[in-house]
Amino acid sequence: MSGALRLDLRSGMALKDDAVRLLEEIAAMLELLGEDKFRVNAHHRAARSLEGFGGDLESLVDDPAKLKQIPGIGQKVADKIVELHTTGRIREHDELAARVPRGLFDVLAVPGLGPKTVKAMWDRLGVESIDDLKRIIDDGSILTLERMGQRSVDKIAASLEFLQTSAERLPLGLALPVAERMVEHMRAHKSVTRAAYAGSLRRGRDTIGDIDILVSATDAAAAGEHFRSAPGVVAVLAAGESKSSVRVALDADLGRWGAEEGRAVQVDLRVVPEESWGAALMYFTGSKEHNVRMRERALKKAMTLNEYGLFAQDTDPEPPHKRGIAPIASRSEEEVYAALDLPFLPPEIREDRDELNAGETPRLVECADIKAELHAHTTESDGRLSLDELVQAAIDRGFHTIAVTDHSRSSAQAGGLDVDRLRAQREQIERARETFQGRITILHGCEVDILADGALDFDDDTLAWLDLVVASPHAALSQDAKAATARLIKAVSNPFVHILGHPTGRLIGRRKGLEPAMDELIAAAVEHDTALEINAHWLRLDLRDTHVRAAVDAGATIAIDCDVHALADFDNLRYGISTARRGWVKPEHCINTWPAHKLHTWLART
DNA sequence: GCCGTTTTCGGCCCGACTGTTTTCAGTCG
């Protein structure tokens with residue numbers, strides 16, 4: 001196959017996704033073959049760094065020097081990415097794959113099994129798949145391995161069971177309520193002085209692997225016991241002095257998400273002394289990569305950082321907190337950052353994406369900044385709120401503007417409006433404007449379908465007549481990257497379109513959505529002054545964080561909208577805000593924060 | 001394999017828990 005043809009086939013995010021996967025696999029295979037651990041780690045790190053890279057790999061591949069500017073990517077990995085781009089393969093990966101059975105990746109994914117154990121199973125017992133693992137458990141031969149007793153086997157068997165039900169990461173919107181209940185549960189205990197959730201949940205990632213709960217308590221043992229007996233706990237995985245792990249059933253409060261029944265989420269508890277709260281919260285909030293950077297920075301300043309605090313470095317191998325040494329900083333995160341000559345960094349940006357060079361604490365957008373909802377449905381299409389109910393809900397939230405944006409005709413399953421119904425809706429809008437006069441601005445908009453070829457559902461006259469146009473893709477969401485790029489660029493280039501709604505159409509864990517060349521789409525949005533939406537529903541969060549960062553860097557305008565269909569959807573704002581903050585969105589970038597006059601002037605620009 | 005406000009060579013973050021061990025290896029975050 002020629003390079004040119006291959007180039008056409010590979011675009012959008014495909015190259016990045018493939019590179020991340022192959023680099024991770026190279027790392028895993030090197031590890032299973034017992035290769036140098038620093039080389040293994042370098043591949044892990046390159047993959048993680050690439051994953052967080054928001055730009056288009058495509059545009060960098062012609063200039064390997066630019067590839068090398070991505071942290072963790074040096075000459076060798078850059079060469080591999082170029083090789084992947086031009087040939088569709090990485091020779092080193094092929095060679096390793098010929099030596100390491102693919103099924104071992106599944107075995108490696110079993111909680112509690114790491115490379116050392118899997119390698120021993122493979123070398124000594126010929127395990128090459130999950131089925132082989134089950135076989136050596138059933139026939140008892142697993143017990144012949146070094147350091148392998150019945151208790152370990154029982155844990156592996158339980159992990160295999162767990163994998164059947166909870167292999168995927170959990171959407172933020174399902175995890176956060178569980179975490180908040182657990183924090184409340186811990187605060188209710190008399191010995192608990194502080195409680196908070198940490199981890200990727202506190203960083204606001206769109207999905208989370210497990211929930212981290214941090215508490216300080218006067219009686220650590222009692223707090224741990226209280227934790228392990230919380231409502232919903234279905235299994236206790238670990239019960240140490242300062243650390244406990246449990247699994248909590250998820251199906252208790254899922255309501256309309258019946259499909260999630262039977263799932264469980266792991267919740268970890270750490271009990272720390274009150275005086276270490278800040279260092280511990282920082283440590284357990286992560287990310288891992290951010291923490292590594294922080295420790296490296298501490299070392300350069302002759303200090304050492306752990307979850308108990310920041311300490312002056314010495315040569316004693318015993319951890320400083322066990323020797324009664326007073327930390328330089330530990331009580332609050334602010335204190336620790338300050339001692340390392342850093343501004344406080346909000347949890348959402350702690351991803352080792354250059355945040356240590358921020359200079360000052362960035363003023364990121366907050367829920368309280370949001371003064372307008374610009375994407376909302378009523379009973380006229382597939383919403384559950386009447387027009388008056390919608391408007392009242394917006395007033396209750398202190399908004400100065402609410403836009404009514406029911407679906408257009410092509411979204412027939414959602415009761416989309418044709419031109420006649422849309423025109424007729426204006427009468428309702430006018431009546432509501434009288435009813436709520438002086439209390440809020442009601443905009444008559446529409447969420448107009450972007451058809452597969454990028455054409456919109458209504459002609460320009462109709463679009464121009466509306467106060468606000470949200471253009472969104474709803475169908476043909478599996479078209480190839482090239483078609484998707486052209487389609488979305490055509491939409492944002494339409495002078496009557498104000499906002500590109502849920503640009504990719506992804507549904508987290510369920511549907512991948514479109515994969516346009518994001519740099520090109522962002523550039524077009526900047527050129528035509530079209531806002532890119534962060535759809536706040538926790539199943540969408542679309543744009544995703546890394547693309548938001550790329551958009552902000554390119555000078556794009558952002559809209560954060562709840563895509564309201566029911567009253568509770570307004571509460572999804574927090575998830576959209578998390579994603580925005582992860583993308584370094586400041587209030588001035590986001591049209592929903594603008595004062596009424598500025599927003600209305602911007603909308604009326606055409 | 002990456003990286004450099006002490007370095008282009010020689011380093012590479014830190015601690016808790018578990019299970020199997022008479023002192024520690026493996027895993028996890």
Side-chain angles (χ1 to χ4, degrees), chain A residues 23 26-27 30-31 35-50 67-81 92 108-121 143 145-156 158-159 198-201 203 208-214 220 224 236-245 266-272 276 279-280 282-311 313 317-322 341 352 357:
Chain A
L23 288 171
I26 288 172
L30 289 172
E31 203 163 19
E35 297 286 335
D36 175 59
K37 62 176 178 169
F38 294 111
R39 210 173 138 224
V40 170
N41 192 249
H43 282 90
H44 274 306
R45 212 156 156 174
R48 294 294 298 271
S49 177
L50 205 53
L67 276 179
K68 285 167 67 180
Q69 285 175 10
I70 301 174
I73 295 186
Q75 188 60 53
K76 294 263 182 65
V77 172
D79 288 346
K80 288 173 200 179
I81 294 170
E92 183 187 5
L108 212 42
V110 175
L113 289 186
K116 295 279 167 53
T117 312
V118 173
K119 180 170 164 52
M121 288 175 172
L143 287 164
L145 294 173
E146 306 267 321
R147 309 183 61 86
M148 181 64 70
Q150 190 56 47
R151 292 180 67 94
S152 297
V153 177
D154 291 345
K155 283 189 101 167
I156 295 166
S159 289
S200 53
L201 197 59
R203 301 201 312 281
I208 63 111
D210 53 31
I211 295 172
D212 298 297
I213 304 287
L214 187 67
V236 175
L237 307 174
E241 220 171 285
S242 65
K243 182 183 168 184
S244 289
S245 288
Q266 181 169 330
V267 187
D268 295 338
L269 174 80
R270 291 298 298 246
V271 187
V272 300
S276 320
M282 175 183 286
Y283 181 85
F284 292 111
T285 296
S287 66
K288 191 174 190 292
E289 290 76 16
H290 177 82
N291 287 349
V292 168
R293 291 281 174 224
M294 293 292 286
R295 291 206 198 91
E296 286 173 354
R297 188 180 180 94
L299 283 177
K300 281 180 188 153
K301 295 176 182 295
M303 294 182 271
T304 178
L305 178 63
N306 61 31
E307 60 262 54
Y308 296 98
L310 183 66
F311 298 88
Q313 202 177 20
E318 178 92 350
H321 68 277
K322 289 194 172 171
D341 295 324
D352 188 24
N357 295 320

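Chain A is the first sequence line, chain B the second, and so forth, proteins listed ahead of strands; every chain is numbered from 1.
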- Task: Indicate, yes or no, whether a donor-acceptor pair under 3.5 Å links the base of B:dC2 to the side chain of A:Arg39.
- Result: no
- Nearest whole angstrom, please: distance from the C1' of B:dC12 to the CZ of A:Arg297. 19 Å
- Using a heavy-atom cut-off of under 4.0 Å over every strand shown, decide if A:Ser245 touches base, sugar-phosphate, or nothing. nothing
- Stacking check A:Phe38 vs B:dC2 (5.5 Å / 30 deg): no
- Query: OP1 or OP2 of B:dA16 less than 4.0 angstrom from a side-chain nitrogen or oxygen of A:His321, does that happen here?
  - Reply: yes
- Message: At 4.0 Å (heavy atoms only), tell me whether A:Glu241 reaches a base, stays on the sugar-phosphate, or touches nothing.
- Response: sugar-phosphate
- Query: Passes salt bridge (Lys or Arg N to Asp or Glu O under 4.0 Å), A:Glu289 versus A:Arg203? Steps please.
  - Reply: CA-CA 13 Å; A:Glu289 290 76 16; A:Arg203 301 201 312 281; over 6 Å; no
- Item | Atom C1', compared across B:dT8 and B:dG1: separation rounded to whole Å | 15 Å
- Task: Give one of base, sugar-phosphate or nothing for A:Met148, where a contact means two heavy atoms less than 4.0 Å apart.
- Result: sugar-phosphate
- Note on the structure: Under a 3.5 Å limit on both distances, the Watson-Crick or wobble mate of B:dT8 is none
- Query: What nucleic acid atoms does A:Ala239 come within less than 4.0 Å of, heavy atoms only: base, sugar-phosphate, or nothing?
  - Reply: sugar-phosphate
- Task: Using a heavy-atom cut-off of under 4.0 Å over every strand shown, decide if A:Glu289 touches base, sugar-phosphate, or nothing.
- Result: nothing
- Message: Between B:dG15 and A:Tyr283, counting only base atoms on the nucleotide and side-chain atoms on the residue, is there a donor-acceptor pair under 3.5 Å?
- Response: no
- Kindly point out which of B:dT27, B:dG15, B:dT20 is positioned nearest to the side chain of A:Arg147? B:dT20
- Item | Gap between atoms NZ and C1', on A:Lys80 and B:dG1 respectively (whole Å) | 7 Å
- Looking across every strand, which nucleic acid part, if any, lies under 4.0 Å from A:Lys76 by heavy atom: base, sugar-phosphate, or nothing? sugar-phosphate
- Item | side chain to side chain donor-acceptor pair (under 3.5 Å) involving A:Lys119 - partner list, sequence neighbours excluded | A:Asp123
- Determine the contact category for A:Lys37: base if any of its heavy atoms lies under 4.0 Å from a base atom, sugar-phosphate if only primed atoms, P, OP1 or OP2 are that close, otherwise nothing. nothing
- Task: Scan A:Asp36 against the nucleic acid and name what it touches under 4.0 Å (heavy atoms): base, sugar-phosphate only, or nothing.
- Result: base
